[in-house]
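Just so it is clear, the structure is predicted and the values come from calculations on it, not from any experiment.
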Amino acid sequence: MKEKFIRILSPIALAVIAILDIAVVGYGIFAVVKISQAASTKAIFFLAAEVVAIVIAALVTKEELSQGVKFYDDELEFTAIDNDNIFNYADIASVETEKDTKPSFVKNFVDRSSKIILTLKDERVVTIDIGMTTKNCVEKIAQEIREAANL
């Protein structure tokens, strides 16, 4: 099996990061214009702070886009989880998904999280919260796990 990667993107996080990246670029343009008009100490300090903001924005965007599930020949890895994130296909007995799709104005973000529930052959149940993502993404990940684990 060729290594496969399915990105887990939250539409809300993606929108917020895009808006922040646009703002950082806009302030960068503003800083360069101010430096070209009059190179004062204040403008140079603003430009230096902007360079730091651009680096931070790039790192945050890279981190958000690197979250997902990597499928290897004999195991899968959830890249957004720090520990206990690698599972062998031979150890997986079943896969279930949970995604709240009912409209409500009183539910908060935690209630809207998507979950992948792995039942392992040693009868442990592992619930992996993959955050706010689309139902299509959750089902695609679950289907890929089922195919790789021959379930």
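- Residue Thr134 holds its OG1 atom at 10.0 Å from CD1 of Ile8, rounded to the nearest 0.5 Å.
- Under a 3.5 Å cut-off, the side chain of Arg124 and the backbone N or O of Thr119 do not form any donor-acceptor pair.
- Hydrophobic cluster membership is shared by Val138 and Val126, with clusters built from Ile, Leu, Val, Met, Phe, Trp and Tyr side chains linked at under 4.5 angstrom.
- Atoms CD1 and CZ, from Ile141 and Phe78 in turn, are 6.5 Å apart once rounded to the nearest 0.5 Å.
- In this structure, CG on Leu59 lies 9.0 Å from OG1 on Thr61, to the nearest 0.5 angstrom.
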Review point. Can you check side chain to side chain contact (heavy atoms under 4.5 Å, CB included) on Tyr89 and Asp91, steps first, answer last?
Key: CA-CA 5 Å; Tyr89 299 130; Asp91 296 338; over 6 Å; no
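- Taking 4.5 Å as the limit, every side-chain heavy atom of Val125 sits out of range of all side-chain heavy atoms of Leu118.
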Practice item. With side chain to side chain contact (heavy atoms under 4.5 Å, CB included) as the test, would you mind laying out the steps for Lys140 and Gln143 before giving the verdict? Key: CA-CA 5 Å; Lys140 186 175 178 183; Gln143 185 60 33; 5.9 Å; no
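- In terms of heavy atoms, Ala38 sits closest to Ala43 at O-CB, 4.0 Å.
- Atom CD1 in Ile22 sits 12.0 Å away from atom CD1 in Ile17 (nearest 0.5 Å).
- Two residues are said to be in side-chain contact when any heavy atoms from C-beta on lie closer than 4.5 Å; Val25 and Ile54 fail this criterion.
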Exercise for review: Give the C-alpha distance, both sets of side-chain angles, the deciding distance and a yes or no for side chain to side chain contact (heavy atoms under 4.5 Å, CB included) between Ile92 and Leu76.
Suggested key: CA-CA 11 Å; Ile92 300 172; Leu76 65 110; 3.8 Å; yes
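- Judged by distance alone, the side chain of Asn88 and the main-chain N or O of Ala90 form no donor-acceptor pair under 3.5 Å.
- The hydrophobic clustering, which links ILVMFWY residues whose side-chain heavy atoms are closer than 4.5 Å, places Val60 and Val52 together.
- For the atom pair OG1 (Thr133) and CD1 (Ile6), the distance works out to 10.5 Å, reported to the nearest 0.5 Å.
- Remark: side-chain polar atoms of Arg7 are not paired, donor with acceptor, to backbone N or O of Gln67 under 3.5 angstrom.
- A heavy-atom distance below 4.5 Å is found between the side chains of Ile116 and Val95.
- The neighbour count for Gln37 CD, taken as heavy atoms of other residues, nucleotides or ligands under 6.0 Å away, is above 12.
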Point to revise | Ile128/Phe87 under side chain to side chain contact (heavy atoms under 4.5 Å, CB included): CA gap, chis, key distance, verdict | key: CA-CA 12 Å; Ile128 300 159; Phe87 299 94; 3.7 Å; yes
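- More than 12 heavy-atom neighbours from other residues, nucleotides or ligands sit within 6.0 angstrom of CZ on Phe5.
- In this structure the side chain of Tyr72 reaches within 4.5 angstrom of the side chain of Glu77, judged on heavy atoms.
- Atom CZ of residue Phe71 and atom CD of residue Glu144 lie 5.0 Å apart, to the nearest 0.5 angstrom.
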Review point. Under the side-chain hydrogen bond (donor to acceptor under 3.5 Å, both in side chains) criterion, do Asn85 and Thr79 qualify, and how do the steps go?
Key: CA-CA 7 Å; Asn85 61 338; Thr79 61; over 6 Å; no
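- The hydrophobic cluster containing Val24 does not contain Ile35, counting ILVMFWY residues as joined when their side-chain heavy atoms lie under 4.5 angstrom apart, directly or transitively.
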Check your understanding: Can you check side-chain hydrogen bond (donor to acceptor under 3.5 Å, both in side chains) on Glu98 and Ser114, steps first, answer last?
Key -> CA-CA 6 Å; Glu98 186 177 304; Ser114 301; over 6 Å; no
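- Between the Ser10 side chain and the Met132 main chain, a donor and an acceptor come within less than 3.5 Å of each other.
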